[in-house]
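Lettering of chains follows the sequences in order, A, B, ..., and the numbering in each one begins at 1. The model shown is predicted, which means the values in this text are computed figures rather than measured ones.
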Amino acid sequence: MNFQKRTNTCGELRKEDAGRNVTLNGWVATVRDLGGLIFIDLRDRYGITQLVIHPETQTELAERSKEIKSEFVIWANGNVRMRENPNPNIPTGLIEIRLEDFGIINKAELPPFEIIDEIGTSEEIKLKYRYLDLRRHSMQRYFITRNQVYQVVHKYFNENNFLEVETPFLMKSTPEGARDYLVPSRIYKGRFYALPQSPQLYKQILMMSGFDRYVQIVKCFRDEDLRSDRQPEFTQIDLEMSFVEREDIISIAEGFYSRLWKEVLGIEVKTPFLRMSYNDAMNNYGSDKPDLRFGLELTDVSDIVKNSGFKVFSDTVNAGGVVKVLNAKGCAEFSRKKIDELTELAKKYGAKGIAWLKLIDGEINSPISKFLNENEIEQIKRITSIENGDLLLFSSDKWARACTILGALRLEVAKQTGLIESVKNKFSFLWVLDFPLLDFDEESQRYVAMHHPFTSPMDEDIHLLDSESSKARAKAYDIVINGAEVGGGSIRIHNRDIQEKMFKLLGMSNEEAELKFGFLLDALKYGAPPHGGIALGLDRTVMTLTGTDNIRDVIAFPKTTSGLSLMDGAPSNVDETQLKELGLKIIE
RNA sequence: GGGGUCGUAGCUCAGUUUGGUUAGAGCGCCAGUCUGUCACACUGGAGGCCGCGAGUUCGAGCCUCGUCGGCCCCGCCA
């Protein structure tokens, strides 16, 4: 099809261009036919420019323009001139194009929803017509930010001597951790490649090859259920460094984030970032990724109530559990119904119930106050710094669960009281450190690596591996922004003996370790430098930069919560011949 | 694997509580009027498998069961 190529975009013409003859290409946003005057808004990625037709003197043009509808793709030629009535709301608002000639490059059916910034269209419709949804400027700006992040990654890490290296997407399945996406091998029937959950082992091996500093913007695949911040394929800024300690990784990552915030948002982020141990994070905020933009810290009253007449508390403490309290500031007016709703939320996290205590006009109001003596109440009041109008929420359980329950309530209370809304323009960067090396998995009744099996224990905890391995801490670190985990990493094991011991702790026999990770153990034999790294979640970073709470907004073609791609219909059935070629048979 | 919530016009929703005449609104769309609009305005009009399938009933958008799909959460995500 023939068309006049654009001389300018729809976002760049200004008053200085008045008098020029220009040609624009773009999509018709709106047509406003006033009878004696016709306005057409033409849109492209760069903006919107107004075209104007005067039917009185441009009869033929006006007649032809009647065919133009929304979302038609057209070329438009005319003269730039100053507007009689400027529109201060758009950058091109001072000028307009007096149309001389135009052509319809491609017609468009009426779209299922309007291509405007604020729309209430359901996610289902928007995902089905993703190409139309992405045509909206409010969507395009997410990808403009995302592109800025790519550029900063390339610049920053190049300046710091990192090499970008691509690692395979078809790799060996390593069933530790998340479920693998498998790809059947045609050549070796019954055998499978796996898509990488992360390039973890490749980047470690690159260190053994002497690449020294590696970075890659890379897709990772995990076959697990989705969430508003989780997609089955997502992007990491993956990096690894040799001859380093934890501080080196932390400082490189901090440099990257402060550079990113400066270039994208123009905000100076103070470094070094705050740091907190995993233990303190759990104890004080009930989360391993605490949002520090507001207070509402947890306190521990186990010692106060361990001999209490309230059996739920004293029995829990005597059985090795804890009693934790969240002071919900100013929430004493919460109704019984509201507290019941908080209890329901707590139950999702495994709580059997929630005890509460209100202080109103100096009077205690609580269903459990009759079980507590005066001394206990006084001490609780003091340690929680309760004031008139406050509501205390108690959780008594095993330590981790009690903390997690109140951590969830903390976020809910912050949401309900408007606390989160009040800090939405702030950024809180935090390192969470000193994670446990191992985590006991109730399901399989064995220890699993909390980070991954290649994470180095802390030097001073290595002696614990043989005696009290559950107490050993890891050289691992998570980076948390505004309560979202955006990255995590560790110093790796570079000693074959320790790596073998680690596999053993995870219940893996020598043979099994050899079978699954023999190539790594082999590589460790031939001179492995001390090394470590971190993986930064690119999608979540873009979410934080743009302020969206949904990961679908920052991924061009995302899946739904149930893992479907509504636009192209993946996953789909395949031909019998394809299956046969792969040696596969579908079992109903 | 489990829980919650939603599905009615092209889009967003009301109607479902208590089954009962012809299923409504706003936006969009179509037609007409209109010379400075920019979410143009005004007048008129068209537009429905009430997600799908069974069941209960004289009668189902509304009740029951199943199923498909969206969103959120728990588990899961080394």
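Between the P atoms of B:G66 and B:G47, the separation comes to 38 Å (whole Å). Look at the P atom in both B:A60 and B:G53: the space between them is 14 Å, to the nearest Å. Remark: the separation of the P atoms in B:A31 and B:U67 is 47 Å, to the nearest Å. Across B:C65 and B:A23, the matching P atoms stand 28 Å from one another, rounded to whole Å. Separating the C1' atom of B:G3 from that of B:A39 is a span of 41 Å, rounded to the nearest Å. B:C40 and B:C29: their P atoms are spaced 9 Å apart (whole Å). Between B:U18 and B:C62, the distance separating the two C1' atoms is 10 Å to the nearest Å. A distance of about 25 Å separates the P atoms of B:G51 and B:C27, rounded to the whole Å.
Taking every side-chain heavy atom of A:Leu564 into account, B:G69 is the closest of B:G1, B:G69, B:U37. With B:G69, B:C76, B:C38 as the candidates, the nucleotide lying closest to the side chain of A:Arg83 is B:C38. If you check B:G1, B:G69, B:C27 against the side chain of A:Glu124, the one that comes closest is B:G69. Of the listed nucleotides (B:C29, B:C38, B:U35), B:U35 has the atom at the smallest distance from the side chain of A:Glu56.
Residue A:Val52 is the one, among A:Pro453 and A:Val52, whose nearest nucleotide of RNA chain B lies closer to the 5' end (criterion: closest heavy atom). Nucleotides of RNA chain B nearest to A:Tyr349 and A:Leu34 differ in position, and the one nearer the 5' end is that of A:Leu34.
A donor-acceptor pair under 3.5 Å links the side-chain atoms of A:Arg83 to the main chain of A:Ile95, judged by distance alone. For the pair A:Arg246 (side chain) and A:Ile491 (backbone), a donor-acceptor distance under 3.5 Å is absent. A donor-acceptor pair is defined here as one N or O able to donate and one able to accept, closer than 3.5 Å; such a pair exists between the side chain of A:His452 and the backbone of A:Phe454. Judged by distance alone, with hydrogens and angles left aside, the side-chain atoms of A:Thr49 form a donor-acceptor pair with the main-chain N or O of A:Cys10 at under 3.5 Å.
Few gaps surround NZ on A:Lys338; more than 12 heavy atoms of other groups in view lie less than 6.0 Å from it.
With hydrogens and angles ignored, no donor-acceptor pair closer than 3.5 Å exists between the side chain of A:Arg227 and the base of B:C71. Between the side chain of A:Arg230 and the base of B:C77, at least one donor-acceptor pair of N or O atoms lies under 3.5 Å.
Taking only side-chain nitrogens and oxygens, A:Ser228 comes nearer than 4.0 Å to OP1 or OP2 of B:C73. Put simply, A:Lys69 has a side-chain N or O that comes within less than 4.0 Å of OP1 or OP2 on B:C30. A:Asn89 has no side-chain polar atom (N or O) that falls below the 4.0 Å cut-off from OP1 or OP2 of B:A39. Between A:Ser122 and B:G7 there is no side-chain polar atom (N or O) within less than 4.0 angstrom of OP1 or OP2. Between A:Arg552 and B:C71 there is a side-chain N or O to OP1 or OP2 distance below 4.0 Å. Between B:G70 and A:Thr561, no contact under 4.0 Å exists linking OP1 or OP2 to a side-chain N or O. At least one side-chain nitrogen or oxygen of A:Ser562 sits closer than 4.0 Å to the OP1 or OP2 atom of B:G70. A:Arg32 has no side-chain polar atom (N or O) that falls below the 4.0 Å cut-off from OP1 or OP2 of B:U37.
Residue contacts for A:Glu109: at a heavy-atom cut-off of 4.0 Å it reaches no nucleic acid atom on any strand shown. Across all strands, A:Ile38 comes closer than 4.0 Å to no nucleic acid atom at all (heavy-atom distances). Base contact: A:Arg81 has a heavy atom under 4.0 Å from a base atom. Counting non-hydrogen atoms under 4.0 angstrom, A:Gln200 reaches a base of the nucleic acid. Residue A:Glu123 is classed as a sugar-phosphate contact, given heavy-atom separations below 4.0 Å to backbone atoms only. When heavy atoms are screened at a 4.0 angstrom cut-off, A:Leu110 is found touching the sugar-phosphate backbone but no base atom. Within the 4.0 angstrom heavy-atom criterion, base atoms lie near A:Pro86. When heavy atoms are screened at a 4.0 angstrom cut-off, A:Asn550 is found touching the sugar-phosphate backbone but no base atom.
Protein atom CG of A:Asp33 is 15 Å distant from nucleotide atom C1' of B:C29, rounded to whole Å. In this structure, CD of A:Glu84 is placed 9 Å from P of B:U37, rounded to the nearest angstrom. Whole-Å rounding puts the A:Asp553 CG to B:C71 P distance at 12 Å. One interatomic measurement links the two molecules: CZ of A:Phe113 to P of B:C29, which rounds to 15 Å at whole-angstrom precision. Here the P atom of nucleotide B:C77 and the CE atom of A:Met450 are 12 Å apart, to the nearest Å. B:G70 atom C1' lies 14 Å from atom CD of A:Gln231, rounded to whole Å. The CG atom of A:Asp133 sits 20 Å away from the P atom of B:G10 (whole-angstrom rounding). In this structure, the CD atom of A:Glu176 is 14 Å from the C1' atom of B:C77, given to the nearest Å.
If you check B:G45 for Watson-Crick or wobble pairing at under 3.5 angstrom, you find it paired to B:C29. Across all strands shown, B:C6 is found opposite B:G69 as a Watson-Crick or G-U wobble partner, with both distances under 3.5 Å. Nucleotide B:C63 forms a pair with B:G55, judged by Watson-Crick or G-U wobble geometry with both contacts under 3.5 Å. In this structure, B:C76 forms no base pair with any nucleotide, since neither Watson-Crick nor G-U wobble geometry is met with both distances under 3.5 Å. Partner assigned to B:G24 is B:C13, using Watson-Crick or G-U wobble distances below 3.5 angstrom. Under the Watson-Crick and G-U wobble criteria, each requiring two contacts below 3.5 Å, nucleotide B:U18 is left unpaired.
Ring-base stacking between A:Phe39 and B:U37 is satisfied, the centre separation being under 5.5 Å and the plane angle under 30°.
A 4.5 Å side-chain heavy-atom check between A:Arg32 and A:Asp41 finds at least one atom pair inside the cut-off.
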- Item | Test log, rule side chain to side chain contact (heavy atoms under 4.5 Å, CB included), inputs A:Trp27 and A:Phe72 | CA-CA 6 Å; A:Trp27 286 261; A:Phe72 277 30; over 6 Å; no
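Side-chain rings of A:Phe221 and A:Phe169 approach one another, their centers coming within less than 6.0 Å.
A:Asp238 pairs in a side chain to side chain donor-acceptor pair (under 3.5 Å) with only one of the listed residues (A:Gln216, A:Lys203, A:Gln200), which is A:Lys203.
Between the CE atom of A:Met502 and the NZ atom of A:Lys504 there is a distance of 13.0 Å, given to the nearest 0.5 Å.
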